[in-house]
Amino acid sequence: MTQFSLFPTSIGHCGIAWRSGVVVATNLPERSTSVTAARIAERAKASEGQPPPEIQYAIESIGELLEGEKTDLSEIICDFSHIDQFEVGVYVATRDIPPGETKTYGDIAVRIGNKRFAQNVGRALGRNPFPIIVPCHRVLGANGKLTGFSAHGGVSTKLKMLEIEGARFSESPGLFDNIPPQ
C-alpha cells in the first residue's frame, strides 16, 4: 500500500509518498496544502498515512536542508524501478550535486555520456518524481543561465531554494535580488 504525508518546511508544506519504507514520490509546495496533498496522492496513487522511521528520517533531512543546513540526502532510498534508464542516469548524476553548488544541463549530459543530450536532461528533470531528493533546482542552463522550473512558483522557487542552500554565482551578481517576498 502506498501512503503519503505532508510536512512543513521553510518554503511551505512539501509532500512525500512511500511504499514499504521506500520513497516513491515527493512534491514541492503548491499554492495550498490541499492542492499539495491532492497532487501527491494522485501522482503516487496513495492515501494519507503515518510515516515509518525511514520516511520520518527523509522528512527531517529535507527539512534540515530547507533550513540551510548542508544535509546530504543521498542515503534516502527512492524507487527508480518504474523510470526509464536514461532518466535514472540523469537523476543519479543530479543527486551527486552537493547543496550550495550547481551544474548545467550540459554538465549532467557529459556525465551521463554525451553533451548533446542536454535538452533530454532538461526534459528528464522536468519530470523529476523526487524534487529536493533529486535536486533539479541545482541544475541551470548553459553558462549558469536560469531556465524554467516546473514546480509551483517556477524560477522564483528555484532561486529561493538555491538561496537557502547558499548558492552564489560569480557570473550573476545580485542573482537573488529579484525574488518576490513570500
Side-chain angles (χ1 to χ4, degrees), residues 1-67 69-99 102-103 105 108-109 111-112 117 120-139 148-154 157-158 160-162 164-165:
M1 173 166 61
T2 304
Q3 296 184 298
F4 80 92
S5 182
L6 298 184
F7 57 98
T9 72
S10 64
I11 63 169
H13 280 79
C14 292
I16 189 166
W18 67 90
R19 185 175 36 258
S20 302
V22 175
V23 177
V24 297
T26 56
N27 212 91
L28 290 169
E30 299 285 342
R31 66 181 179 274
S32 70
T33 55
S34 60
V35 173
T36 304
R39 176 80 47 109
I40 191 101
E42 179 172 333
R43 280 183 50 224
K45 309 288 187 261
S47 58
E48 196 162 6
Q50 193 64 28
E54 307 90 341
I55 302 305
Q56 190 58 45
Y57 169 78
I59 289 169
E60 291 167 7
S61 298
I62 291 167
E64 290 169 2
L65 181 74
L66 291 173
E67 287 294 328
E69 295 183 33
K70 300 291 185 191
T71 305
D72 179 6
L73 304 181
S74 65
E75 292 184 20
I76 298 172
I77 300 171
C78 297
D79 179 5
F80 291 104
S81 64
H82 63 287
I83 299 172
D84 169 90
Q85 286 304 304
F86 175 82
E87 291 182 356
V88 170
V90 170
Y91 301 151
V92 168
T94 302
R95 282 187 90 174
D96 286 342
I97 306 169
T102 60
K103 298 286 184 196
Y105 296 106
I108 300 298
R111 172 108 190 266
I112 62 172
F117 294 154
N120 295 6
V121 167
R123 282 191 285 278
L125 290 174
R127 291 188 292 270
N128 178 8
F130 309 106
I132 303 173
I133 297 172
V134 172
C136 52
H137 64 281
R138 296 180 192 149
V139 183
F149 189 58
S150 59
H152 179 71
T157 299
K158 182 175 194 160
K160 185 171 188 174
M161 292 170 70
L162 290 170
I164 288 168
E165 292 183 3

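Sequential numbering from 1 along the given sequence is applied to the chain's residues. We use all heavy atoms of the structure for the numbers below, so side chains are in, but hydrogens, waters and symmetry mates are not.
In this structure, T9 contributes its side chain and G63 its backbone to no donor-acceptor pair below 3.5 Å. Remark: side-chain polar atoms of N27 are not paired, donor with acceptor, to backbone N or O of R39 under 3.5 angstrom. A distance-only check finds a donor-acceptor pair linking the side chain of R43 to the backbone of T26 [under 3.5 Å].
For the side-chain contact (heavy atoms from CB on, under 4.5 Å) with V90, the qualifying choice from V88, V92, T94 is T94, the only one to do so.
Residues V23 and I55 have side chains in contact (heavy-atom distance under 4.5 Å, counting atoms from C-beta outward). Residues F130 and L73 fail the side-chain proximity criterion, which asks for heavy atoms closer than 4.5 Å. A heavy-atom distance below 4.5 Å is not found between the side chains of T2 and K45. For the pair V121 and F86, the minimum side-chain heavy-atom distance is below 4.5 Å. No side-chain heavy atom of V134 sits under 4.5 Å from any side-chain heavy atom of C78.
Nearest heavy atom pair, residue W18 against residue G49, reads CH2-O, 3.7 Å. When all heavy atoms of I59 and P51 are compared, the closest pair comes out as CD1-CG, 3.8 Å.
Side chain to side chain, S74 and R95 fail the donor-acceptor criterion of an N or O pair below 3.5 Å.
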